Amino acid sequence: MDAVEEESKCDSTQGIPKKEEGSSVGIKVLFFARARDLTGLSDVHLEVPSGSTASDCLNELAVRFPGLEEIRQCIVLALNEEYASETTVIKENDELAIIPPISGG
């Protein structure tokens, strides 16, 4: 792939991969603690458009599981077992963990 072709796949202002129409990536989403309670699941497979961010995934999950909005502002994300921000771009076969705050004594 030459530099021109590679550049066309990225947003020219930020070098962020563009979302390619028609292509998607599959990821595994893990739910912990309150997130597991709200969804009733420990994990789910999610298909999102190529170039999607963790925030895009959270938006899709909130549509499927509206109860997640309750904890949306206080969760921590981990992508492939490392903390990640909502702006992180998701790739095929990534594992996104939704980690709400844990309390107890």
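The first residue in the sequence is number 1, and the count goes up from there. Computed from a prediction, not measured in an experiment: that's the story for all the values here.
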For residues 68-75, which side-chain donor-acceptor pairs fall under 3.5 Å, sequence neighbours excluded?
{"from": "Glu70", "atom 1": "OE1", "to": "Arg34", "atom 2": "NH2", "distance (Å)": "3.3"}
{"from": "Glu70", "atom 1": "OE2", "to": "Arg34", "atom 2": "NE", "distance (Å)": "3.0"}
{"from": "Glu70", "atom 1": "OE2", "to": "Arg34", "atom 2": "NH2", "distance (Å)": "3.0"}
{"from": "Arg72", "atom 1": "NH1", "to": "Asn59", "atom 2": "OD1", "distance (Å)": "3.0"}
{"from": "Arg72", "atom 1": "NH2", "to": "Asn59", "atom 2": "OD1", "distance (Å)": "3.1"}

Without placing hydrogens or testing angles, list every side-chain donor-acceptor pair under 3.5 Å for residues 89-102, not counting sequence neighbours.
{"from": "Glu92", "atom 1": "OE1", "to": "Gly26", "atom 2": "N", "distance (Å)": "3.0"}
{"from": "Asp94", "atom 1": "OD1", "to": "Asn80", "atom 2": "ND2", "distance (Å)": "2.9"}
{"from": "Asp94", "atom 1": "OD2", "to": "Lys91", "atom 2": "N", "distance (Å)": "2.7"}

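Linking Ile, Leu, Val, Met, Phe, Trp and Tyr residues whenever their side-chain heavy atoms come within less than 4.5 Å leaves Tyr83 and Leu58 in two separate clusters. Both Val44 and Leu77 are assigned to one and the same hydrophobic cluster, defined by single-linkage of ILVMFWY side chains at heavy-atom distances under 4.5 Å.
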Inset, instruction - Go through the steps to decide whether Phe31 and Asp37 satisfy the test side-chain contact (heavy atoms from CB on, under 4.5 Å), and finish with yes or no. - result: CA-CA 9 Å; Phe31 300 107; Asp37 294 341; over 6 Å; no
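The side chain to side chain contact (heavy atoms under 4.5 Å, CB included) search around Thr87 returns Ser85, not counting sequence neighbours.
Contact between Val25 and Ser50 at its shortest, heavy atoms only, is CG1-OG, 3.9 Å. When all heavy atoms are compared, the tightest approach of Gly67 to Leu38 is O-CD1, 3.3 Å. Counting all heavy atoms, side chain and backbone alike, Phe65 lies closest to Leu41 at CZ-CD1, 3.7 Å.
Atom CG in Leu46 sits 5.0 Å away from atom CD1 in Ile27 (nearest 0.5 Å).
Not a single donor-acceptor pair under 3.5 Å links the side chain of Ser52 to the backbone N or O of Val48.
More than 12 heavy atoms of other residues, nucleotides or ligands shown are found within 6.0 angstrom of CD on Glu47.
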